[in-house]
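Note sheet for the following structure.
Lettering of chains follows the sequences in order, A, B, ..., and the numbering in each one begins at 1. From a predicted model like this one, the values you see are computed outputs, not experimental measurements.
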Amino acid sequence: MINEIKDIFGNTLEDELLFEINQVATYKEVLAGNKIIEIGDYIRSMPLLLSGAIKVLREDNEGDELLLYFLERGDTCAMTLTCCLGQSKSKVRAVAETDVKLVMIPIRKIEEWSGKYRSWRSFIFDSYHNRLNEMLYAIDNIAFLKMDERLLKYLEEKARIFKDGIIKNTHQEIAYELHTSRVVISRLLKKLENLGKLELHRNYILMK
DNA sequence: ACATTAATTGTGT
DNA sequence: ACACAATTAATGT
């Protein structure tokens, strides 16, 4: 495990800290589609993402979902960080988008290492910074972009995550994540296909 | 191989 | 948004 951690965090975190991570962290694999954190869960440990992608969703009071952002290799969940300060329940849901490998770090270590390692402090700080920016980006998308632009961005992001450019979702699933109806997605996808940006198939979309 | 059924996608109002 | 048509995949015989 230490090698995998080193590959990803070796540049940012010092060896001594990597060693400590290796001591206390537990390794975990999650298969695509499985929940990692549910809304209302208490958070006991902080995930570091080694590979794969996690989508982070918000849910409104009627139970409808909205995609906030994706986490990728080297990322951590900012929700956990806020929970570390004033401990509370998670306000988001995290679902494995692809098969995911991660290590879980006990929450109490976050603070301990903050005092001990300069590199850890800046890692936490950067994570916060990045996540806040992602949130603003998500808000901008929702508030200022039309659905067709949101869809295109969503598809581009997914295409990046699945390197082969094949997006294995039904229109209904996409509609859920973008918080709209299936018909709207179908129509917009058709438009994008006519523009030559993608190919539609049953149960998957091929990006070009 | 064919028929039946269910799920997904397309389209008009 | 709704209803329905068309298409495709899955399953059984």
query = Should S181(A) be listed as having a side-chain N or O under 4.0 Å from OP1 or OP2 of dA1(C)?
reply = yes
note = Comparing nearest nucleotides in DNA chain B, the 5'-proximal residue of the pair R202(A), R182(A) is R202(A)
Test: E65(A) and R58(A) ion pair at under 4.0 Å = no
task = Please report, rounded to the nearest Å, how far the P atom of dA5(C) is from the NZ atom of K190(A).
result = 19 Å
inquiry  = Categorize L200(A) for me: base, sugar-phosphate, or nothing, with a 4.0 angstrom heavy-atom threshold over every strand shown.
reply    = sugar-phosphate
remark   = Taken to the nearest whole Å, CG/L189(A) to P/dT11(B) is 12 Å
ask   = Should the ring pair F70(A) and Y154(A) be called parallel, tilted or perpendicular, given that the plane angle runs from 0 to 90° and is split at 30 and 60?
value = tilted
query = Tell me: CG of N194(A) to C1' of dG10(B), nearest whole Å?
reply = 12 Å
task = Examine dA7(B): is either OP1 or OP2 under 4.0 Å from a nitrogen or oxygen in the side chain of H171(A)? Give yes or no.
result = no
query = Rounded to whole angstrom units, what separation is found between the NZ atom of K191(A) and the P atom of dG10(B)?
reply = 14 Å
task = Figure out the CD/C1' separation between Q172(A) and dA1(C), and round it to whole Å.
result = 13 Å
task = Calculate the interatomic distance between E199(A) atom CD and dT9(B) atom C1'; express it in whole Å.
result = 16 Å
task = Look at the side chain of R182(A) and the backbone N and O of I174(A), then say whether any donor-acceptor pair between them is shorter than 3.5 Å.
result = no
query = Over how many whole Å does the gap from E173(A) atom CD to dA7(B) atom P extend?
reply = 13 Å
ask   = So what is the 5' to 3' dot-bracket string for DNA chain C, if pairs are Watson-Crick or G-U wobble with both distances under 3.5 Å, crossing pairs use [ ] and | means the partner sits on another strand?
value = |||||||||||||
key: Ion pair E38(A)/K35(A), N-O distance below 4.0 Å   = yes
task = Any ring-ring contact (aromatic ring centres under 6.0 Å, His included) involving residues 164-206 of chain A? Give me the pairs, sequence neighbours left out, ordered by first then second residue.
result = H201(A)-Y204(A)
ask   = Quick one: Y204(A) OH to dT9(B) P, roughly how many Å, whole number?
value = 11 Å
inquiry  = Please tell me whether F9(A) and F123(A) form a close aromatic pair, meaning their ring centres lie under 6.0 Å apart.
reply    = yes
ask   = Does the pair K153(A)/E156(A) count as a salt bridge with the N-to-O cut at 4.0 Å?
value = no
